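To start, the structure itself, in structure tokens.
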Amino acid sequence: MVDDERREFGVVVNGEGQHAIWPAGRELPAGWRAEGFTGREEACLGHIDRVWTDMRPLGLRDRTDGGGPTLVDLFARQVRARPHAPAVRTRQRVWTYAEFDRATAALARRLRHGGAGPGTVVGLLAPRGAAALTGLVAVLRSGAACLPLAPDDPPRRNQEVLADAGCAQLLTTAPVEWCPEALLIDEPGPEDSGPDEPGRADESALPGPRPLDLAYAITTSGSTGRPKIVGVPHEGIANLIVASIEDLDLIREDDVMLWTTAPTVDSSMHDILMPLCAGACVAIDDGDDMPASRMLAAVRTLGVTALEIPAAVLGPYGRSLLPRLARAGVRLVITGGSQLDGQGLGDAAPLVVANGYGPTEASVAATWYRCVGDTPSWVPIGTPVRGVRTYVLDEELRPAPAGAEGQMFLAGAGLARGYLGLPGRTAAVFLPDPFAEAPGARMYATGDRVRLGPDGDYVYLGRIDDQVKIRGFRVEIGEVEHALRECPGVVDAAALLRDDAMGGPALLAVLTGERTPDEEIGGRLADLLPSHMLPRFFVWLDELPLNRAGKVDRKALAVLPLMDPAPRS
């Protein structure tokens with residue numbers, strides 16, 4: 001909406017009790033009513049934070065679900081249909097669907113005995129690996145939502161995230177000092193000795209989730225200094241997976257999909273759950289990092305036919321990497337996470353590159369584009385998947401003229417429930433949908449500038465705000481600046497992404513105050529932020545440059561000379 005501090009808004013609510021803000025005096029979409037509070041935007045959001053106090057369950061289980069499948073339903077179908085087919089493959093062993101069914105059901109029963117179920121959230125502290133995949137599927141089968149956490153993130157940050165999400169249980173692959181009650185994924189329990197028949201691992205003890213129950217929660221950077229936790233229901237991710245199988249040809253029964261991203265990246269949910277819901281196989285290589293050389297070796301060793309490569313890697317290296325992958329037997333490369341910019345991405349036939357676009361708030365990817373021979377280097381983001389509605393709107397929330405630039409709004413089956421524990425932040429970007437047929441529907445304001453091309457494909461043009469992506473992770477500059485201001489000697493700070501940095505895009509921190517060695521600043525930041533949010537360059541100034549409006553002049557910061565990068569702690 002218009003960035004005007006003088007504008008009046010009203011607090012509105014739909015039949016499900018979901019709050020939002022709406023321009024005062026403008027006609028409300030069907031299914032929404034005014035709550036009676038009006039004021040400036042921040043006042044309205046503060047009011048919502050006071051009256052809508054608990055966003056954590058977000059199950060909406062009293063609403064009619066519409067009969068769509070959940071992730072648990074889709075997996076169970078494959079267990080029944082293909083019990084002896086390979087489900088998970090590592091360098092050490094292979095699990096069939098029947099074996100993986102028994103392993104995940106046993107862990108799910110242990111979670112249920114500890115209180116997990118629909119309306120609860122279970123943390124998962126595990127690196128990419130077979131144990132993490134077992135934990136994720138077990139949480140889903142318990143009926144709870146899974147919240148992946150990074151083992152190398154600062155303990156204080158992980159504890160804050162668990163508290164904000166209301167997690168009562170934590171799954172780990174190894175004991176952690178700051179959570180001694182965590183449940184070990186590989187810890188044997190008396191319930192593990194389930195029946196041997198495939199697909200009959202005591203399902204009576206595992207009441208399944210409904211489509212509107214949360215499937216998972218993913219952390220994204222928060223502008224207030226605390227991460228936001230996006231709650232995504234089964235309905236959203238299951239819709240994408242069914243479309244991936246039936247419409248997009250992103251997975252086939254005979255595919256082997258290599259898991260390449262961290263569990264905390266939302267695209268992992270698509271990459272590893274999609275094969276298990278399609279009767280295909282998930283391949284997991286050793287080690288945390290997945291550079292191009294290891295990727296090629298894993299493809300050959302594990303018989304991989306499909307994998308994800310981040311756009312930041314595929315763009316510059318795709319022309320040389322894709323033909324080698326094709327010769328190794330890969331038929332499909334999925335990409336996304338940032339704008340795909342590169343030459344020759346449609347020239348490695350029969351290998352196909354599928355470019356996905358979408359924020360975490362829209363269940364991983366809302367639009368897809370398949371690269372062909374004449375695909376431009378600035379690759380389009382394509383067309384929406386089934387069940388997803390896309391709008392290009394101006395600042396007044398009205399449709400932009402055909403071909404004109406506007407903000408992308410997303411609606412429909414893929415929409416997340418919101419930010420757990422942050423009703424005001426949810427209400428600010430999940431708005432009433434004036435174009436929906438169903439009353440009370442919402443749409444999500446992505447903050448992305450797009451236009452609709454004459455061929456029907458959307459083209460991404462950039463961010464409206466200062467949110468950026470680094471190595472596939474979404475980073476909100478405000479959280480980085482908040483951490484910088486907690487560092488010794490720092491009075492004020494600004495951070496920005498510099499695309500011209502040697503070695504690729506990197507964060508620059510511009511600081512004022514008592515000059516402190518970069519090593520000391522970096523060490524403090526390492527206790528506060530995950531590695532992908534750490535600045536690589538530091539510049540000290542007497543004061544931050546301001547523009548006429550009295551705000552930090554980021555254009556001036558964008559031309560500051562970059563010195564040697566700061567050493568990593």
Side-chain angles (χ1 to χ4, degrees), residues 1-4 23 29 240 243 247-248 267 310-312 314-315 318 334-346 353-415 428-436 441-469 472 474 476 497 499 505 554-555 558:
M1 285 182 278
V2 175
D3 183 16
D4 187 343
L240 173 61
D247 303 337
L248 303 172
S267 62
L314 188 62
I334 293 173
T335 191
S338 57
Q339 173 59 38
L340 181 58
D341 183 11
Q343 300 287 339
L345 299 178
V353 172
N355 183 35
Y357 158 82
T360 303
E361 291 86 348
S363 302
V364 182
T367 68
W368 288 90
Y369 176 87
R370 296 175 76 86
C371 295
V372 293
D374 60 351
T375 292
S377 60
W378 188 266
V379 178
I381 57 176
T383 57
V385 302
R386 64 162 73 179
V388 173
R389 301 188 300 276
T390 51
Y391 314 126
V392 182
L393 306 182
D394 62 18
E395 292 182 336
E396 298 293 335
L397 300 181
R398 295 185 172 88
E405 174 184 324
Q407 182 177 180
M408 174 72 92
F409 285 76
L410 300 172
L415 216 59
V429 291
F430 288 85
L431 307 176
D433 183 352
F435 313 104
R442 300 183 304 164
M443 61 182 183
Y444 172 68
T446 66
D448 291 329
R449 296 181 295 109
V450 301
R451 62 175 173 81
L452 184 62
D455 53 2
D457 289 315
Y458 285 104
V459 177
Y460 175 83
L461 303 175
R463 292 289 301 167
I464 290 174
D465 55 21
D466 61 354
Q467 195 180 79
V468 299
K469 277 197 173 181
R474 197 170 66 182
E476 201 141 11
L497 184 67
D499 290 314
R554 296 187 179 275
K555 291 183 178 179

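Index from 1, following the sequence. Since the model is a prediction, treat every value here as computed from it, not as a measurement.
- To the nearest 0.5 Å, the span separating CG on D448 from CG on L461 amounts to 9.5 Å.
- The CG atom of L415 sits 8.5 Å away from atom CZ of R389, with the distance rounded to the nearest 0.5 Å.
- Considering all non-hydrogen atoms of both residues, G456 and T383 come closest at O-CG2, 3.3 Å.
- Between the W378 side chain and the Y460 main chain, a donor and an acceptor come within less than 3.5 Å of each other.
- The line from CG of D457 to CZ of R451 is 10.5 Å long, rounded to the nearest 0.5 Å.
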Checking L410 against T390 for the side-chain contact (heavy atoms from CB on, under 4.5 Å) test, could you report, in this order, the C-alpha distance in whole Å, the side-chain angles of both residues, the deciding distance, and whether it holds? CA-CA 5 Å; L410 300 172; T390 51; 3.6 Å; yes
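- Between T335 and V353 there is a side-chain heavy-atom pair separated by less than 4.5 Å.
- Rounding to the nearest 0.5 angstrom, the gap separating the CG atom in L497 from the CZ atom in R554 is 11.5 Å.
- T367 OG1 to M408 CE: the interatomic distance, rounded to the nearest 0.5 Å, is 5.5 Å.
- A side-chain contact (heavy atoms from CB on, under 4.5 Å) with L397 holds for exactly one of F435, F409, Y391; it is F409.
- P29 and D433 make their closest contact through CB-O, 3.8 Å (heavy atoms, listed as atom of the first residue, atom of the second, distance).
- Using a 30° and 60° split on the angle between ring planes, F430 and Y444 fall in the tilted class, from 30° to 60°.
- For the residue pair G414 and S363, the shortest heavy atom distance occurs at O-OG, 2.6 Å.
- Listed here is the closest heavy atom pair of A365 and L240: O-CD1, 3.7 Å.
- Y458 has its side chain within reach of P384: a pair of non-hydrogen atoms, C-beta onward, lies under 4.5 Å apart.
- For T446 against Q407, the heavy-atom pair with the smallest separation is N-OE1, 3.6 Å.
- Distance check: L340 CG to Y369 OH gives 10.0 Å after rounding to the nearest 0.5 Å.
- A donor-acceptor pair under 3.5 Å is absent between the side-chain atoms of N355 and the main chain of C371, judged by distance alone.
- Heavy atoms only, all atoms of each residue included: A404 and V392 are closest at O-CG1, 4.1 Å.
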Using side-chain contact (heavy atoms from CB on, under 4.5 Å), reason through R386 and D247 one step at a time and then give a plain yes or no. CA-CA 8 Å; R386 64 162 73 179; D247 303 337; 2.7 Å; yes
